[in-house]
Amino acid sequence: MATSASALILPRLPIWPPMPARASSATTMTRRRRTRPLRAACAYALQEGQSRRSHRLPCGLDLEVIAQHPPAPALTPGRSERPPLVFVHGSFHAAWCWAERWLPFFSPAGFPCFALSLRAQGESSIPSEAVAGTLETHTGDIADFIRKEVPSPPVLIGHSFGGLIVQQYVSCLQDSEPLHPKLSGAILVCSVPPSGNSGLVWRYLLTKPIAAVKVTLSLAAKAYAKSLPLCKETFFSSQMDDELVLRYQDLMKESSKLPLFDLRKLNASLPVPSAPNGILEVLVMGARNDFIVDAEGLSETARFYNVQPVCVEGVAHDMMLDCSWEKGAEIILSWLDKLSTQSV
């Protein structure tokens, strides 16, 4: 007999990514005794033309920054100066996920590129709390970096939960005196929708129970870190070379020392505040083969910003690392060209 959604009784929804484990009293005391923030370790070898540095936050924590600047500052005749690009990763990733493919793609096109590692991710400092932060702390960290180190209004690009952080940042720009530095645009790549991941979880449970089990094991139980096939199915296309998946899997395992959020508190605070139409140009992109964010999640985000979504064929959730990574990059470059034309 079919069971309606209202009659379905589930004592606890799966949480993607996992909730932080309850700290023991000994662990709590150790955290309280820290005099210097520890740093996560993520051994990513930089490519030619890239640099790594730390951005010191007012709270004393450091954020890892991987930067890549255009090889020549000269402008193409008839084209305005390219805006800087600031990249924000999602769960189990860090600045390296942008440095691998997209920074070497956009920098030669004239865009100064900055990829951040959020708190407790990559080589950034580890706070004493049980989770890395909240939407407010993450957006505040990004705002502090932009305010102090980015010379002109950037385009903010966020992937997965990083996309939700970008949405929160955009919502802070609507007041007459915005809380954060202004942007030239925003790009949401396979982003968690404004209402959070609860809707994604329920749709998987009710329509794709096998996929729901897989994605819950992969993300909530971190099985992606132990199973190469599951890691590939969760983040990449089936055509992806296994050796490359293994390399990225190793980097993911090293990237995250604390969960980005307490997801129960996060979902209770959502949706993100809406932004008035026309406040900022926003590109909403999804992947046809995304195993995490479904088509309805993509549509929800696009409706929220009153734009048409772009669904990229032949790529999976980690669009910026997938074997056809250039498909999404080319679409973004075209959008940025139009944005630059509008600003002339």
Side-chain angles (χ1 to χ4, degrees), residues 40 42-55 63-70 82-124 132 138 141-142 145-146 149-150 154-166 169 183-192 235-236 240 244-245 247-252 254-256 260 283 285-287 290 312 315-333 335-336:
C42 182
Y44 177 78
L46 299 181
Q47 301 182 48
E48 183 178 356
Q50 295 179 349
S51 63
R52 176 185 282 117
R53 67 178 187 273
S54 295
H55 172 74
L63 296 186
E64 177 191 21
V65 182
I66 297 179
Q68 186 164 354
H69 293 277
R82 300 286 211 178
L85 307 181
V86 176
F87 297 85
V88 184
H89 64 84
S91 296
F92 308 121
H93 292 65
W96 63 264
C97 73
W98 305 106
E100 180 77 355
R101 300 292 189 184
W102 280 14
L103 262 61
F105 177 87
F106 288 107
S107 176
F111 298 94
C113 295
F114 305 91
L116 305 181
S117 290
L118 300 170
R119 299 183 184 200
Q121 321 299 311
E123 295 191 5
S124 294
H138 290 311
D141 291 350
I142 294 166
F145 170 75
I146 292 173
E149 300 202 34
V150 181
V155 174
L156 197 54
I157 303 173
H159 174 253
S160 197
F161 265 108
L164 190 65
I165 294 170
V166 171
Y169 191 109
L183 304 174
S184 291
I187 300 174
L188 307 174
V189 182
C190 300
S191 177
V192 171
F235 296 107
F236 305 107
M240 189 83 157
L244 199 52
V245 175
R247 176 168 173 261
Y248 295 152
Q249 182 188 44
D250 287 340
L251 285 166
M252 289 180 199
E254 296 174 353
S255 289
S256 183
L260 285 179
L283 172 62
M285 295 178 63
D290 197 327
V312 185
V315 293
H317 185 69
D318 272 18
M319 185 189 301
M320 64 288 189
L321 293 169
D322 211 6
C323 48
S324 297
W325 60 267
E326 69 278 357
K327 290 183 178 180
E330 292 285 359
I331 291 171
I332 290 175
L333 181 59
W335 185 85
L336 289 170

Note to self: Checking V312 against M319 for the side chain to side chain contact (heavy atoms under 4.5 Å, CB included) test, could you report, in this order, the C-alpha distance in whole Å, the side-chain angles of both residues, the deciding distance, and whether it holds?
What the structure shows: CA-CA 9 Å; V312 185; M319 185 189 301; 3.9 Å; yes
Check: Taking W102 for the side chain and C97 for the main chain, is one N or O donor matched with an acceptor at less than 3.5 Å?
Finding: no
Check: Is there side-chain contact between I165 and L118, with heavy atoms separated by less than 4.5 Å?
Finding: yes
Checklist line | Between E254 and Y44, a side-chain donor and acceptor under 3.5 Å | finding: no
Notebook entry, point to check: Hey, does Y169 have a side-chain heavy atom less than 4.5 Å from the side chain of H138?
Noted result: no
Item checked: Minimum side-chain heavy-atom gap Y248-W96 below 4.5 Å -> yes
Next item on the list: State, with a plain yes or no, whether a side-chain heavy atom of S124 is found less than 4.5 Å away from one of H55.
Entry: no
Checklist line | Residues which pass side chain to side chain contact (heavy atoms under 4.5 Å, CB included) with D141, listed by chain and number, not counting sequence neighbours | finding: L57, L63, R119
Notebook entry, point to check: Do you know which two heavy atoms are closest between L333 and R82, and how far apart they sit?
Noted result: CD1-NH2, 4.5 Å
Checklist line | For the student: nearest non-hydrogen atoms of A186 and V155, plus distance | finding: N-CG1, 4.2 Å
Notebook entry, point to check: Pick from L46, I66, L85: which one makes a side chain to side chain contact (heavy atoms under 4.5 Å, CB included) with L103?
Noted result: I66
Check: Hey, which of F145, W98, F106, F87 is the one that makes ring pair (Phe, Tyr, Trp, His ring centres under 6.0 Å) with F114?
Finding: F145
Check: Is the closest side-chain heavy-atom distance between M285 and V315 below 4.5 Å?
Finding: no
Checklist line | Over all atoms of both residues, closest heavy-atom pair of M240 and V245 | finding: CG-CG2, 3.3 Å
Next item on the list: Quick one: closest heavy-atom pair of L188 and G163, and the distance?
Entry: CD2-O, 3.5 Å
Margin query: Looking at S191, is its backbone amide N or carbonyl O close enough to the side chain of S160 to form a donor-acceptor pair, meaning the two atoms are under 3.5 Å apart?
Written below: no
Notebook entry, point to check: Would you say the side-chain atoms of E64 pair up with the backbone N or O of R52, donor to acceptor, closer than 3.5 Å?
Noted result: no
Checklist line | Check: H93 ring centroid to F235 ring centroid under 6.0 Å | finding: yes
Checklist line | Nearest heavy-atom neighbours spanning A132 and A120 | finding: CB-CB, 4.2 Å
Margin query: Do D318 and H159 make a side-chain contact, defined as non-hydrogen atoms from C-beta onward lying under 4.5 Å apart?
Written below: yes
Next item on the list: Taking the side chain as every heavy atom from C-beta outward, state whether L183 and I146 have any atom pair closer than 4.5 Å.
Entry: yes
Check: Run the side-chain hydrogen bond (donor to acceptor under 3.5 Å, both in side chains) check on S256 and Q121 step by step: do they pass?
Finding: CA-CA 5 Å; S256 183; Q121 321 299 311; 2.9 Å; yes
Notebook entry, point to check: Would you say E123 and S117 make side-chain contact, with heavy atoms under 4.5 Å?
Noted result: no
